[in-house]
Engineer: 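Below is the structure I would like to discuss, written out as structure tokens.
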Amino acid sequence: MPTCLIIDDDEIIRHVMKAMLLHLGCSRVWDVAGGQEALALLGENSPDMIFVDWVMPEMSGPELIKKIRALPKGNFPKIVMFSSECNMDRINQAFDAGADDYLLKPTNIDLLLKRIRHMGFLVK
């Protein structure tokens, strides 16, 4: 079962995402509020999937994704940009930064399940 990291400055979003991911069978889900916390956590842990919010106070989602990809194991995790904005410029910027997928929020458990399976992970 995959392990996941949620990076979002909205505590409610983190709580709901974590509950859905655990319900779907993810074996471990970390959640942090920002980029610096995420980079510190990634120094000690290697989640299989990372969900990154676009708008955060310390650094943007694309900036954080570039920093994650520059880490020694940064090419390993699947990274999903998670945003309430859905326009082609934003989606292209996310992929250019190194995202593997883009998910519109708020999301629901069925769509989340499809995205996880699309990236090759087996869950419920």
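Nothing fancy with the numbering, it's 1 onward along the sequence. Only a predicted model underlies this, so the values are computations on that prediction, with no experimental measurement involved.
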Engineer: Show your working on side-chain contact (heavy atoms from CB on, under 4.5 Å) between M49 and I116 and close with a plain yes or no.
Structural biologist: CA-CA 9 Å; M49 293 180 56; I116 292 169; 3.7 Å; yes
Engineer: Quick one: does E63's side chain have a donor or acceptor within less than 3.5 Å of a partner on S60's backbone?
Structural biologist: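 The answer is yes, because a donor-acceptor pair under 3.5 Å joins these two groups.
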Engineer: Is there a path of hydrophobic side-chain contacts, each under 4.5 Å between heavy atoms of I/L/V/M/F/W/Y residues, joining L41 to V29?
Structural biologist: no
Engineer: Just by distance, do the side chain of D48 and the backbone of T3 share a donor-acceptor pair under 3.5 Å?
Structural biologist: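 The answer is yes, because a donor-acceptor pair under 3.5 Å joins these two groups.
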Engineer: If the condition is side-chain contact (heavy atoms from CB on, under 4.5 Å), which residues does D9 pass it with, not counting sequence neighbours?
Structural biologist: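 D53, M56, P57.
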Engineer: Quick check against the 3.5 Å criterion: does E37 have a side-chain atom that pairs as donor or acceptor with the backbone of A33?
Structural biologist: yes
Engineer: Grab the two heavy atoms, one from C26 and one from C4, that are nearest each other, plus how far apart they are.
Structural biologist: SG-SG, 3.6 Å
Engineer: Distance from I68 atom CD1 to I79 atom CD1, nearest 0.5 Å?
Structural biologist: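 Going from CD1 on I68 over to CD1 on I79, the span is 4.5 Å.
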Engineer: Please name the pair of heavy atoms, one in L64 and one in A38, separated by the smallest distance, quoted to 0.1 Å.
Structural biologist: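 Smallest heavy-atom distance, with atoms named: CD2-CB, 4.3 Å.
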Engineer: Let's go through M81 and Q93 carefully: what are the C-alpha distance in whole Å and the side-chain angles of both, what is the deciding distance for side-chain contact (heavy atoms from CB on, under 4.5 Å) to 0.1 Å, and is it a yes or a no?
Structural biologist: CA-CA 10 Å; M81 179 62 71; Q93 287 176 22; over 6 Å; no
Engineer: For residues F95 and Y102, report the shortest heavy-atom separation together with the two atoms involved.
Structural biologist: CZ-N, 4.2 Å
Engineer: Give a yes or no on whether L71 and W30 share a hydrophobic cluster (residues Ile, Leu, Val, Met, Phe, Trp, Tyr; joining criterion: side-chain heavy atoms under 4.5 Å apart).
Structural biologist: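 As far as the 4.5 Å side-chain criterion goes, W30 and L71 are connected within one cluster.
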Engineer: With heavy-atom distances below 4.5 Å as the criterion, would you say the side chains of L103 and S83 are in contact?
Structural biologist: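 No; the side chains remain at least 4.5 Å from each other.
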Engineer: How long is the straight-line distance from CD of E85 back to CG of L104, given to the nearest 0.5 Å?
Structural biologist: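 Taking CG in L104 and CD in E85, the distance rounds to 10.0 Å.
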Engineer: I want to check something: taking the side chain as every heavy atom from C-beta on, are V52 and F82 in contact at a cut-off of under 4.5 Å?
Structural biologist: no
Engineer: Where is the tightest heavy-atom contact between P77 and R69, given as atom of each residue plus distance?
Structural biologist: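 It is O-NH1, 2.9 Å.
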Engineer: Walk me through whether F51 and L112 qualify under side-chain contact (heavy atoms from CB on, under 4.5 Å).
Structural biologist: CA-CA 11 Å; F51 294 87; L112 185 58; 3.8 Å; yes
Engineer: State, with a plain yes or no, whether a side-chain heavy atom of D101 is found less than 4.5 Å away from one of M119.
Structural biologist: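 The answer is yes; the side chains approach within 4.5 Å.
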Engineer: Can you check side-chain contact (heavy atoms from CB on, under 4.5 Å) on H23 and I109, steps first, answer last?
Structural biologist: CA-CA 9 Å; H23 178 76; I109 198 160; 3.3 Å; yes
Engineer: Decide whether V32 and V55 are clustered together by the hydrophobic rule: side chain heavy atoms of Ile, Leu, Val, Met, Phe, Trp, Tyr closer than 4.5 Å, transitively.
Structural biologist: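 In one cluster with V32: V55, yes.
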Engineer: The criterion is side-chain contact (heavy atoms from CB on, under 4.5 Å); which residues satisfy it with D31, sequence neighbours excluded?
Structural biologist: I6, R14, K18
Engineer: Going only through I, L, V, M, F, W and Y residues with side-chain contacts under 4.5 Å, is there a path from F76 to L5?
Structural biologist: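 Cluster IDs for F76 and L5 differ.
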Engineer: Ignoring hydrogens and angles, tell me if any N or O in the side chain of S27 forms a donor-acceptor pair with the backbone of M1 under 3.5 Å.
Structural biologist: yes
Engineer: Can you give me the closest heavy-atom contact between I12 and D10, atom names plus distance?
Structural biologist: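 Closest heavy-atom pair between I12 and D10: N-OD1, 2.9 Å.
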Engineer: What pair of heavy atoms forms the shortest contact from P2 to F121, and how long is it?
Structural biologist: CB-CD2, 3.7 Å
Engineer: Less than 4.5 Å apart, any side-chain heavy atom of M17 and any of D8?
Structural biologist: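 Side chain of M17 against side chain of D8, heavy atoms only: no contact under 4.5 Å found.
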Engineer: Rounded to the nearest 0.5 Å, what separates atom NZ in K105 from atom OG in S84?
Structural biologist: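 The distance works out to 6.0 Å.
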Engineer: Side-chain contact test, heavy atoms from C-beta onward, threshold under 4.5 Å: evaluate it for T107 versus V16 and give yes or no.
Structural biologist: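 No. Closest side-chain heavy atoms not under 4.5 Å.
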Engineer: Return the CG to NZ distance between N108 and K114, rounded to the nearest 0.5 Å.
Structural biologist: 8.5 Å
Engineer: Do D100 and V80 come close enough that some side-chain heavy atom pair is under 4.5 Å?
Structural biologist: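 Side-chain contact under 4.5 Å: no.
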